[in-house]
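This report refers to the structure that appears directly beneath it.
Proteins come first, then strands; the chains are lettered A, B, ... in the order of their sequence lines, and each starts at number 1.
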Amino acid sequence: MLVAEKNALTEEIEQLVEKYGKDRSALLEILHEIQKKHRSIPDFAQQEVARLLEIHPVEVYSVISFYTFLNTEPKGRNLVRICQTISCDMKNKQAVVNAVERELGVKIGETTRDRKFTVEYTNCMGLCDQGPAMAVNERVYMKLTPEKAVEILNEVK
Amino acid sequence: MVENLRETRQGEVLFTDYTRGESVKKALSMERQDVLFEIKDSKLKGRGGAGFPTSTKWMLTAAAKSEEKYVVCNADEGEPGTFKDRVLLWEYPDLVFDGMIIAGYVIGAKEGILYLRGEYEYMLPSLEAYLEELRKDNLLGENICGKEGFNYDIRIHLGHGAYVCGEETALIESLEGHRGEARNRPPFPVTTGFNKKPTVVNNVETLAAVTRIVEKGGEWYKTHGTDKSTGSKLLSVSGDCEKPGVYELPWGTTISELLEKVGAKNTKAVQVGGASGVCLNKAQFDRTLGYEDVGTGGSVIIFDESRDMLKVLKNFMEFFVEESCGQCIPCRVGNTKLLEGVEMIEKGEFTFGYINKLKDLGKSMQVSSKCGLGQSSPNSFLTILENFKDEILNYANGGRNGK
């Protein structure tokens, strides 16, 4: 990481700490914002958050490693999550998964070479009456067919 | 995005017309203990699944001595097959937030927190906008609706995709910025909750019911449902049926009545209560939904004759292995062992002796796990193995139905 990048990140985290406060309970909100902007929470950001909240960096790492939506390794620019839980499974989520895997040329859990997409499984998203369901970043899509899923991904920039 | 079907939904208690703020104003005109009495009279029990009497929880928190108290609305519904809170928050935020304000008044809190699961982040803008409207109407803020000294506000805290955070002490840990690992109880959140202050944690549906109880009275509420399970229940129905969706039905409805209502045909099995619930076979379809018989947080998944119950069980066990937080051994190791057992059955490489040992392990997990996750995760393993014994144990012989 370049020094200029580090400085920018530090400044960003300082602003977040100002916004959410120095209390431990602000940790997840701060991490959420970093994750949202950078799609991951790099080592340096973890150290800076720890320094500013006056906790051990390991505490920050342990929290990140616990939650599915937080990660330390960068993922693709767009995160595609397909529901694998039973109701979506019964509505033939496998066909959707196969189509997405074929179209993007990656398997579940992988990132495309242009880093545009990371495809993952997720557990129940609470859309069981409208399965199969998929989320692209924060947006959710329901009643998917293989064609529809691919169409949605084609529209993503 | 998800549709709003409020106009077309029908129900006796929750899915009806309601004007925002009405119950809040009524509650504020009453003494705190009278509101509590009304809720006690209604015999309302927690709708998240555990079924703890709401009035007892509130009474303990109200009685706890502290300057700071909190109301937490648990909108971390992660149970497979559950989506009623999504519908409530999307279409009936008035009922939910009014319930939170009433709870704040009764226990004497200054802050309410909605713990919204990360998967529902798309709802955040509309919920924030709704809270802003409440502030404009003075339903939140200082001296709410002219009630001197009642200052209260609500904020939304986003979850980050951890099923276990639906457990109330894990949820509180998560609110405090820690890993979502359940605490030992006692002390209970009613005395030592968020930031070690007395905290009431209620399910979204419970709070919505409170709003209606305050509006119409506990006596009225009791006219719905059964003696021990008063009122109605929102059921999230999915799986093999013509009309999946959220239904409001009075407690005491039988499984077969429900199946008929949702247009389920050739039903082989019904999973009540999600992955942590129980799986019923045809012979049990006359059982009733209610705390006295089949209790549930609201998830109903329907399987028809074409479904393979071992695959269903495997899906559930994979879910628990992934979602176990790993802090206590019965849950962390137990769920893995149960999944291994399912895979052995799949391949036909098992002994009956070992399967019986796994059943015993499941029973041990129910009593020895630290929180509700591990205590309830063996339920589907035990009930599917019991209720679909022939199908499961003959799986590897090619006879899916034991033929």
Side-chain angles (χ1 to χ4, degrees), chain A residues 20-33 35-36 41 49 53 55 58-71 79 81 83-91 93-94 120-133 135-143, chain B residues 1-3 77-87 117-122 124 157-165 174-181 194-195 236-241 243-246 271 274-275 299 301-304 306-307 311-312 315-316 318-319 322-323 325-326:
Chain A
Y20 292 107
K22 276 187 77 165
D23 195 67
R24 172 75 193 237
S25 62
L27 178 61
L28 275 164
E29 271 145 339
I30 293 168
L31 294 178
H32 176 70
E33 295 254 352
Q35 169 80 39
K36 213 170 163 177
I41 306 165
V49 171
L53 293 187
I55 51 178
V58 160
E59 287 280 325
V60 178
Y61 178 73
S62 91
V63 166
I64 295 171
S65 65
F66 186 85
Y67 295 96
T68 321
F69 290 0
L70 303 175
N71 47 277
L79 182 57
R81 289 180 284 127
C83 177
Q84 66 174 344
T85 306
I86 192 73
S87 298
C88 287
D89 188 68
M90 290 201 290
K91 297 287 174 221
K93 69 114 209 307
Q94 198 54 48
E120 286 178 354
Y121 273 136
T122 184
N123 284 327
C124 192
M125 297 198 286
L127 293 163
C128 323
D129 52 338
Q130 322 210 17
V136 180
N137 304 324
E138 286 79 49
R139 248 200 110 139
V140 291
Y141 300 90
M142 293 144 287
K143 294 186 179 162
Chain B
M1 282 287 158
V2 188
E3 290 170 278
E77 61 170 356
E79 190 62 50
T82 314
F83 42 93
K84 65 183 176 63
D85 295 349
R86 178 196 90 210
V87 168
R117 69 186 299 219
E119 285 85 345
Y120 291 169
E121 196 180 346
Y122 60 88
L124 197 59
H157 181 100
L158 209 57
H160 297 276
Y163 167 74
V164 69
C165 288
S174 175
L175 278 178
E176 291 179 2
H178 295 277
R179 293 160 68 89
E181 291 175 349
F194 180 54
N195 288 342
S236 316
V237 181
S238 65
D240 297 314
C241 62
K243 293 174 281 182
V246 176
Q271 178 83 18
S299 163
I301 309 173
I302 301 168
F303 305 103
D304 71 14
S306 71
R307 301 296 171 186
K311 265 184 82 179
V312 171
N315 188 295
F316 288 155
E318 283 170 342
F319 172 80
E322 247 177 59
E323 294 293 351
C325 82

Under 4.5 Å to a heavy atom of chain A? For B:Leu124 that would be neither

Most contacts with chain A, counted as non-hydrogen pairs under 4.5 angstrom, among B:Lys311, B:His157, B:Arg117, B:Gln271
B:Arg117

Side chain from CB out, backbone as N, CA, C, O: work out which of these in B:Val237 comes under 4.5 Å of a heavy atom of chain A, or both, or neither.
backbone

Can you tell me which portion of B:Glu323 sits under 4.5 Å from chain A's heavy atoms? Options are side chain, backbone, both or neither.
side chain

Under 3.5 Å side-chain donor-acceptor pair for B:Glu322 and B:Tyr163
no

Under a plain distance cut-off of 3.5 Å, with no hydrogens placed, do A:Gln84 and A:Asn123 share a side-chain donor-acceptor pair?
yes

Under 4.5 Å from a heavy atom of chain A, the part of B:Arg86 involved
side chain

The interface call for B:Leu175 against chain A, heavy-atom contacts under 4.5 Å, is backbone

Between B:Glu121 and chain A, with a heavy-atom cut-off of 4.5 Å, which part of the residue counts as in contact: side chain, backbone, both or neither?
side chain

B:Phe303 six-ring face occupied by B:Arg307 cation (under 6.0 Å, within 45°):
no

Would you confirm whether B:Ser236, through its side chain, and B:Lys84, through its main-chain N or O, come within 3.5 Å as a donor-acceptor pair?
yes

Segment of A:Lys36 engaging chain B (4.5 angstrom heavy-atom cut-off):
side chain

Between B:Gly274, B:Gly81, B:Ala275, the one whose heavy-atom pairs under 4.5 Å with chain A are most numerous:
B:Gly81

Could you tell me whether the side chains of A:Ser25 and A:Tyr20 share a donor-acceptor contact shorter than 3.5 Å?
no

